[in-house]
Amino acid sequence: MTISMTHDETVPQRSTRVEDLIAQMTLEEKLAQLVGLWAGAAATGESVAPLQDEQGGKTPPFEEFARNGLGHFTRVFGTVPVAPSVGRASLRSAQRWLRDNTRLGLPAIAHEECLTGLAAWRATTFPTPLAWGATFDPCLIEKMGALIGESMAELGVHQGLAPVLDVIRDVRWGRVEECIAEDPFVVGELGSAYVRGLQSAGVIATLKHFVGYSNSRAGRNLAPVHAGPREVADVLLVPFEMALRDGQARSVMHSYAEIDGVPVASDPELLTGLLRDEWGFDGTVVADYFGVAFLQQLHGVAADLGEAAELALAAGVDIELPTGNAYLEPLAARIREGKTDIEIVDRALRRVLEQKESLGLLDPSSSVFDDDGQDEAIELDSAEHRSLAREIAEKSVTLLEPAGILPLAHDTKLAVIGPNADRTAALFGCYAFINHVLPQHPDVADGIDVSTVLGALGSDFASIVGFEEGCSVDSPDDGGIPAAVALAQRADTAVIVVGDRAGLFGRGTVGEGCDTDSLELPGVQRRLVEAVLDSGTPVVLVVVSGRPYSVEWAAARGAAIVQAFFPGEEGASAISGVLSGRVNPSGRLAVSMSRSAGSQPYSYLHPILGGATDVSNVPTRPAYPFGFGRSYTTFAYRDAHLVRREVPAGEDVHLEVTVANTGDREGDEIVQIYARDVVASVTRPTRQLVAFTRVPLAAGQSKTVSMKIPASRFAFSDRAMRRIVEPGDIELWVGRDCETQAATLGTLTMSGSVYPLSAGDARTVEVDVR
């Protein structure tokens, strides 16, 4: 299936096979194709979806549930630990049952979470999306998506519930760790790269969460969203449009959010008017888990599940996941009573069957039916996967403060301290299998080989004098701090590893349903760090977390600081490599690090009134701004210039700049181009990233970077909510981060008349490095 690129394209010819199927289906068979089955989800124990215990206990056995067919298998591998070969054999057995025991014999689409790798036991766990953002490297993320997709395809999984394209608006929100950046173009470019990679393996990518979810009040999960239409259009929707038009994503998941009182799951203006009629999307829209039922239970816009089903279907939600609480009997009853038109069912059914056809699932000889036994070994954590996981981790670790300490000498006597120093789960986010599922199975091994930071430091340094936890991540108990201080006093340097414990629904310090009202390190971790600093031993503070915390107080006391956003199974080696100098840090912050929770919600994309002013005594400047990061080498810029200083509004902007490595070791620089619209018809950000690229440089080497920036990077919604490029002056510069200019490109004049952005306009920057 393809995404239409113009609004006036004719409706594509419908599949004869699909139309024949629809014509012969009973009502029950039609509805069965629009729901999922979560056979492995228990109704007791720790949940992995909102209100799972309340919603999930009503599902009958597979043979009864699927007697009329089935649209989706929900999370076959990501619900309980199962050996890959056993899981694949079980899935294929279920597909054969559907072939042999339902009237039409149609297999189901199997979907799975794949945010940090395939959510399956023994599968590679890559860094979290906030670490992807820190790499500023779309090519790397595309490679990762392709490897994840290959693993999924090997197991018989057809659809992945990723990437998350929510733009970070408030870091108190627990799901920040699932997000890529606070800049919509960075999210769009890296998200589109992931989509291309995943779908290159024949696996459908599902964009989450369309739209507004990250803009919740006070950073609370599943809280109301109050965003004006311009903020929605110019910030929150941008990555989705890029991933659909440029990445050709084939599925979208609706957000749980209600925007200005209207739940997205019941909003036809978004799910049909914008998504399909304007953007030309012709894939499937799937419900976030239990999202259809929530229209009744949490939003109060439906009187019962049948009405909720009609609202969602009419809006454009094609498939109810993870199961069929609303789209089965409650909806069937409304249709029989003449309250709901069967046409909205047929519309969704057509999209589902067309997607199945595109996956080859309507072919009787499909490989989903193959029986290859349970003994075949399936490798989900190969050397190739681990190598890429290591590269992403190494390019994401961000050096905030060297403090004259880093890198450390090989023979430095290290005291290793902190709750995240010797804990493998500390390296992973809440959607990693180790944190998402295994806490419910304490007797099951991790399934992948993971070193802790303590273990990795032991490989890079000759002398570890000892380890003390000092405290836990979030306990108020500070009884271990004296022992940690005593250990630090015996060492040359203390490496203190602090941060988060990822979990779900209050079972962690970050993750889905684990929001915060403070940006201090959880628990008594700050007290631990300050006590070690008081000892006089030099400190390297390593923060392994899923959100940025306020840690500038440690820098003020002379600590070196390294930030790693859940760097995955090879993350410990990457962190140790940065401390030892084996790895030259090149990560850059894709999210600002604020000084306190009082500054939230915050974005570097603020207008003049969003910055520091003389009429408020509350500072807004972050401790470390968007785009910030240090290196063990130095970089300089020269010959920065615009190829043309005047272009008609709507035309591409060409620029060139030479970047040089002026230090004595190789390193990567992230070239960042920022712009400011000097005078506009609506308020605009004081700075906005319009282009970026990663440039590797040997010591003393120079490279020239040429960029062609499309007009869409300068577009915004005018007072009539039209997306336009406006004539006028735009200041452009090369930034070391969003607040520090490295070189001035000058003022660009966009001439002529207002240019209305169209579907065919490019959104991706063309970069040439030579």
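Keep in mind that the numbers below use all heavy atoms, side chains included, and drop hydrogens, waters and symmetry copies.
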Enquirer: Please enumerate all residues that pass salt bridge (Lys or Arg N to Asp or Glu O under 4.0 Å) together with R196, with sequence neighbours excluded.
Expert: E142
Enquirer: Under the salt bridge (Lys or Arg N to Asp or Glu O under 4.0 Å) rule, what do D137 and K395 come out as? Steps first, then yes or no, please.
Expert: CA-CA 9 Å; D137 193 336; K395 290 184 176 180; 3.7 Å; yes
Enquirer: Anything under 30° is parallel, anything over 60° is perpendicular, the rest tilted; go ahead and classify F626 against Y604.
Expert: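 Rings of F626 and Y604: parallel, under 30°.
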Enquirer: How are the rings of Y194 and W132 set relative to one another: parallel (under 30°), tilted (30 to 60°) or perpendicular (over 60°)?
Expert: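 Ring orientation of Y194 relative to W132: parallel.
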Enquirer: Going through the checks in order, is the salt bridge (Lys or Arg N to Asp or Glu O under 4.0 Å) test met by R723 and D234?
Expert: CA-CA 8 Å; R723 292 280 290 173; D234 291 355; 2.6 Å; yes
Enquirer: Which heavy atom in V235 sits nearest to a heavy atom in V167, and how many Å separate them?
Expert: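 Shortest heavy-atom contact: O-CG2, 3.6 Å.
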Enquirer: Does D768 have any salt bridge (Lys or Arg N to Asp or Glu O under 4.0 Å) partners at least two apart in sequence or in another chain, and if so, which?
Expert: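 With sequence neighbours excluded, D768 shows a salt bridge (Lys or Arg N to Asp or Glu O under 4.0 Å) to R770, given in chain and number order.
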Enquirer: Tell me yes or no: between the side chains of E669 and S631, is some donor less than 3.5 Å from an acceptor?
Expert: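 Judged by distance alone, the side chains do not pair up.
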Enquirer: Whether E391 and K143 form a salt bridge (side-chain N of Lys/Arg under 4.0 Å from carboxylate O of Asp/Glu) is what I want to check.
Expert: no
Enquirer: Can you tell me how the ring of Y213 sits relative to the ring of H209, calling it parallel under 30°, perpendicular over 60° and tilted otherwise?
Expert: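 Plane angle over 60°, so perpendicular.
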Enquirer: Can you see which heavy atom on D652 is nearest to which on V647, and at what distance?
Expert: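 In this case the closest contact between D652 and V647 is O-CG1, 4.1 Å.
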Enquirer: Under 3.5 Å, side chain of D668 to main-chain N/O of S586, donor-acceptor pair present?
Expert: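 Absent.
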Enquirer: Looking only at non-hydrogen atoms, find the nearest pair between I730 and A675 and report the distance.
Expert: CG2-CB, 3.9 Å
Enquirer: Donor-acceptor pairs are to be reported for all side-chain atoms of residues 679-691 against protein atoms at under 3.5 Å, with residues two or more places apart or in another chain.
Expert:
residue, atom, partner, partner atom, Å
S681, OG, E726, OE2, 2.6
R687, NE, C738, O, 2.9

Enquirer: Can you tell which of V286, L115, V164, V252 makes a side chain to side chain contact (heavy atoms under 4.5 Å, CB included) with K208?
Expert: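 Between K208 and the candidates, side chain to side chain contact (heavy atoms under 4.5 Å, CB included) is satisfied uniquely by V164.
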Enquirer: Do S550 and S596 have side-chain atoms, one donor and one acceptor, less than 3.5 Å apart?
Expert: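 Short answer, no.
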Enquirer: Taking the inter-plane angle between the rings of H254 and Y256 on a 0 to 90° scale, is it parallel (under 30°), tilted (30 to 60°) or perpendicular (over 60°)?
Expert: perpendicular
Enquirer: Please check: side-chain N/O of S702 versus main-chain N/O of G700, any donor-acceptor pairing under 3.5 Å?
Expert: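 Such a contact is absent between S702 side chain and G700 backbone.
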